[in-house]
Amino acid sequence: MTDSIRVLMVEDQEDLRDMIGLALQDMGITVDTTADGHEALAMMESERQYDVVFSDVSMPNGMSGIELSEHVARAQPGARMILSSGYARSQLPPLPGHVEFLPKPYRLRQLVELLTAR
């Protein structure tokens, strides 16, 4: 079920990025990881197609997850966009209508269920 899903995970915390990326791969999910939105855009421009882009809302280097979601909607309109944050959704700027939200902290099972939902 999960082996056909291709995920781009954008997470600036290296330990978290590595741990979750490896766990998802162990579950049969194809995962590419990047540290910020600019790297994510470069990966999408390299003609890689993703089913899901998963990013933190607060990201370094001048591009938030919300801004990234706008680029994803244009570059890969078929990809689902999931944003995550330790802040309550009510504390965040308005999220675009096409974005799904996963509050932190989350369990790996919750992430996998959201990633694999069609």
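Source: prediction; values computed, not measured.
- A continuous path of ILVMFWY side-chain contacts below 4.5 Å connects I82 to M27, so both sit in one hydrophobic cluster.
- E113 and R109 are joined by a salt bridge, as a carboxylate oxygen and a charged side-chain nitrogen come within less than 4.0 angstrom of each other.
- Clustering ILVMFWY residues whenever any of their side-chain heavy atoms sit less than 4.5 angstrom apart, transitively, puts I5 in the very cluster that holds V112.
- Not one N or O on the side chain of E39 forms a donor-acceptor pair closer than 3.5 Å with the backbone of V10.
- Proximity of a side-chain donor or acceptor of D12 to a complementary backbone N or O of D36 within less than 3.5 Å is not detected.
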Take T30 and D51 through the test side-chain contact (heavy atoms from CB on, under 4.5 Å) and record every step on the way to the result.
-> CA-CA 10 Å; T30 302; D51 299 302; over 6 Å; no

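- In plain terms, the two heavy atoms of S85 and V57 that are nearest each other are CB-CG2, 3.9 Å.
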Report the C-alpha separation of V72 and Y50 in whole Å, then their side-chain angles, then the decisive distance to 0.1 Å, and conclude whether the side-chain contact (heavy atoms from CB on, under 4.5 Å) test is met.
-> CA-CA 10 Å; V72 170; Y50 295 99; over 6 Å; no

Between M59 and E67, does a side-chain contact (heavy atoms from CB on, under 4.5 Å) hold up when you go through it step by step?
-> CA-CA 10 Å; M59 296 296 297; E67 292 167 312; over 6 Å; no

Go through L41 and M63 one step at a time and tell me if the side-chain contact (heavy atoms from CB on, under 4.5 Å) criterion holds.
-> CA-CA 11 Å; L41 290 179; M63 185 184 303; 3.3 Å; yes

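- Linking ILVMFWY residues whenever their side-chain heavy atoms come closer than 4.5 Å, directly or via other members, places L102 and M19 in the same cluster.
- The main-chain N or O of L114 is found under 3.5 Å from a side-chain atom of R80 such that the two form a donor-acceptor pair.
- Looking at every heavy atom in both residues, P103 comes nearest to S84 through C-OG, 4.4 Å.
- Checking side-chain atoms of H98 against main-chain N and O of A73 turns up no donor-acceptor pair under 3.5 Å.
- Side chain of R17 to backbone of E11: a donor-acceptor contact under 3.5 angstrom is found.
- Under a hydrophobic-cluster definition in which Ile, Leu, Val, Met, Phe, Trp and Tyr are linked whenever side-chain heavy atoms come within less than 4.5 Å, directly or via other members, L83 and L115 are assigned to different clusters.
- Hydrophobic clustering of Ile, Leu, Val, Met, Phe, Trp and Tyr side chains at less than 4.5 Å, counting indirect connections, unites L108 with Y106.
- Across G37 and L68, no two heavy atoms sit closer than the pair O-CD1, 4.0 Å.
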